[in-house]
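Okay, structure first, notes after.
Computation of the quantities below employed the complete heavy-atom set of this structure, encompassing side-chain atoms and omitting hydrogens, waters and symmetry-equivalent molecules. Quick caveat: nothing in here was measured; it's all calculated off a predicted structure.
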Amino acid sequence: MLGALVRPDALAVQRLLAADLKRDAELKADLMAASRIMLLDPLVLLIEQGVGDGEFVVPDVPWAAGAILRLVVSEVISGCEFEEFLDSAEVRAEKAARIAALVLNGLLARPG
């Protein structure tokens with residue numbers, strides 16, 4: 001997800017979504033739908049699989065997926081603002097591991 005979000009075209013889409021698109025509601029709706037299909041839906045499926053396998057307990061999967069996505073997008077935006085552009089796969093992997101550890105340590109583990 002981090003790799004996809006730091007591509008120049010993805011950063012341009014993020015800037016568009018953050019902009020005031022009241023005058024072009026159709027464009028904003030299309031961008032939101034594409035983001036949902038490319039990022040949010042696969043994350044929901046991944047979490048649902050983990051819940052189904054008994055790996056985590058997540059009472060509201062869509063909310064959790066949205067929160068994780070917002071966390072990742074926030075990391076990308078703040079990284080770009082502070083010139084920490086995630087241009088190497090190694091840096092992205094390190095950041096992704098830290099985000100995953102933060103999220104997973106906050107989830108309830110399956111009963112021992």
Query raised in the report: Passes side chain to side chain contact (heavy atoms under 4.5 Å, CB included), Q49 versus D53? Steps please.
Result: CA-CA 6 Å; Q49 181 180 2; D53 291 345; 3.7 Å; yes
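- Expressed to the nearest 0.5 Å, how far CD of E48 lies from CG of L43 amounts to 10.0 Å.
- In this structure, I68 CD1 and L40 CG are separated by 10.0 Å, a value rounded to the nearest 0.5 Å.
- Annotation: salt bridge (charged side-chain N to carboxylate O under 4.0 Å, His left out) contacts of E94 (sequence neighbours excluded): R98.
- When all heavy atoms of P42 and I37 are compared, the pair lying nearest together is CD-O, 3.4 Å.
- Partners of L71 according to the side-chain contact (heavy atoms from CB on, under 4.5 Å) rule, which considers only residues two or more places apart in sequence or in another chain, are I99, L102, V103.
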